[in-house]
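Encoded as structure tokens, the structure appears first; notes follow it.
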Amino acid sequence: MNKRLLPAVQQSINPKKPKHWSLSLLDSMKDPDSIVKSTEKLVVIRDKYPKAKVHYLILPHEEISSIYKLNHSHVKLIEDFGQMYKKIQEDEDYSLKAGFHAIPSMQRLHMHIISTDMISPCLKTKIHWNSFTTEFFLPYDDVLRELKENGSIQKMTSESHKKLMSTELQCNQCSYKPKNMPQLKEHLRSHSI
DNA sequence: GTTCTAGAAC
DNA sequence: GTTCTAGAAC
């Protein structure tokens with residue numbers, strides 16, 4: 001069996017299959033199974049690989065690829081993100097935080113709404129952890145403030161990115177410093193009892 | 001972003 | 001020998 005033939009076969013069966021993984025949020029935005037809430041300007045979807053008990057994404061219908069494409073004209077849109085975040089929190093029992101990844105992997109601007117327990121089988125790597133628990137995670141309020149003050153978001157350097165991703169593991173709820181990911185995940189369970 | 005897996009770490 | 005991490009993916 002020639003495995004090189006398989007992608008072509010899959011493509012012909014499903015022509016709408018995205019060309020690249022980084023575009024897959026665009027499909028999720030249209031998938032009724034993923035959509036939690038939808039308004040004229042925004043869509044809320046469940047993250048396909050949640051990193052906590054609650055993990056949603058808020059995205060605009062407008063074709064904005066990332067926070068680095070934002071300008072002063074988008075202040076109202078980002079304020080709408082905040083209103084939606086507020087509504088979601090009102091409906092949830094878990095305490096949620098909202099923010100953007102400094103260097104996102106997926107196209108289409110998206111804000112993470114994630115509970116602080118960080119208990120999920122999809123949370124596997126140090127990069128996952130540091131993406132939500134270090135300064136790589138840009139809190140909603142900070143992004144809105146920067147956009148209002150500067151009319152744009154300052155790009156994080158790749159040096160800062162590298163440094164933050166290699167930050168030693170540190171519990172987000174206490175001073176515990178686990179040796180590895182399995183130890184961290186075991187520890188997190190003790191906070192949720 | 002995930003999956004897979006070689007080889008480092010234990 | 002097993003667990004765990006980190007880099008390639010054509």
Side-chain angles (χ1 to χ4, degrees), chain A residues 1-14 16-31 33-36 42-61 63-70 81 96-115 118-138 140 143 153 155-172 176-190:
Chain A
M1 177 68 82
N2 186 347
K3 287 182 180 172
R4 286 172 188 277
L5 291 177
L6 288 173
V9 171
Q10 286 166 352
Q11 190 75 33
S12 66
I13 291 169
N14 185 2
K16 285 184 180 174
K17 192 187 176 202
K19 293 221 159 58
H20 194 262
W21 56 263
S22 68
L23 298 170
S24 67
L25 284 181
L26 303 180
D27 282 353
S28 296
M29 286 177 71
K30 299 173 199 157
D31 177 6
D33 292 337
S34 298
I35 296 171
V36 173
L42 308 176
V43 182
V44 182
I45 63 174
R46 270 181 284 276
D47 193 291
K48 194 174 176 187
Y49 298 92
K51 304 303 187 294
K53 288 180 179 176
V54 179
H55 189 181
Y56 300 129
L57 303 177
I58 301 181
L59 313 92
H61 290 298
E63 290 182 18
I64 302 168
S65 60
S66 79
I67 46 172
Y68 302 109
K69 295 290 164 65
L70 294 174
F81 273 43
L96 308 177
K97 65 175 190 173
F100 301 81
H101 283 160
I103 300 179
S105 300
M106 311 282 270
Q107 285 187 49
R108 184 57 57 94
L109 175 68
H110 57 282
M111 183 167 83
H112 294 268
I113 305 287
I114 186 165
S115 56
M118 300 300 281
I119 292 175
S120 166
C122 299
L123 180 76
K124 294 175 178 175
T125 70
K126 189 176 188 176
I127 288 172
H128 290 156
W129 182 255
N130 285 337
S131 295
F132 289 96
T133 61
T134 69
E135 288 165 46
F136 184 81
F137 188 84
L138 308 176
Y140 168 74
V143 170
I153 304 302
K155 187 139 187 170
M156 176 175 280
T157 64
S158 57
E159 288 75 20
S160 297
H161 179 206
K162 232 175 148 179
K163 196 172 178 182
L164 288 170
M165 288 304 105
S166 60
T167 303
E168 64 176 347
L169 295 176
Q170 164 73 61
C171 177
N172 62 334
Y176 179 62
K177 291 180 176 178
K179 282 201 177 68
N180 54 38
M181 285 302 294
Q183 210 171 93
L184 170 59
K185 288 169 69 68
E186 174 63 23
H187 170 78
L188 288 171
R189 301 199 313 116
S190 68

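Naming convention: chains lettered A, B, ... in sequence-line order (proteins, then strands); numbering from 1 in each chain.
- At the heavy-atom level, P182(A) lies under 4.0 Å from the strands shown only through sugar-phosphate atoms.
- Considering only side-chain N and O atoms, K124(A) lies under 4.0 angstrom from the phosphate OP1 or OP2 of dT3(B).
- Atoms NZ (K179(A)) and P (dA8(B)) sit 22 Å apart, rounded to a whole Å.
- Shown here is K53(A), whose NZ atom has more than 12 heavy atoms of other residues, nucleotides or ligands within 6.0 Å.
- Distances were taken from every side-chain heavy atom of K126(A) (C-beta onward) to each of dG1(B), dT2(B), dA6(C); the shortest belongs to dA6(C).
- Straight-line distance from the CG atom of L184(A) to the P atom of dC4(C): 12 Å, rounded to whole Å.
- Distance NE2 (H20(A)) to C1' (dG1(B)): 9 Å, rounded to an integer number of Å.
- Taking 4.5 Å as the limit, some side-chain heavy atom of W129(A) sits within range of a side-chain heavy atom of L188(A).
- To the nearest angstrom, P of dG1(B) lies 9 Å from CG of D47(A).
- As rounded to whole Å, 13 Å separates atom C1' of dA6(C) from atom CE of M181(A).
- Residues I113(A) and V44(A) are not in side-chain contact: their nearest non-hydrogen atoms beyond the backbone lie 4.5 Å or more apart.
- Between the CH2 atom of W21(A) and the P atom of dC4(B) there is a distance of 17 Å, rounded to whole Å.
- Across all strands shown, dC10(C) forms no Watson-Crick or G-U wobble pair with both key distances under 3.5 Å.
- The closest side-chain heavy-atom distance from L25(A) to I45(A) is below 4.5 Å.
- Taking atom NZ of residue K185(A) and atom P of nucleotide dT3(C), one finds them 16 Å apart after rounding to whole Å.
- At least one side-chain heavy atom of H55(A) sits under 4.5 Å from a side-chain heavy atom of L57(A).
- Nearest to the side chain of H128(A), among dT5(C), dT2(B), dG1(B), sits dT2(B).
- Put simply, CG on L23(A) is 16 Å from P on dT2(B), counting in whole angstrom units.
- Applying the 4.0 Å criterion to OP1 and OP2 of dT2(B), one finds that K51(A) has a side-chain N or O inside that range.
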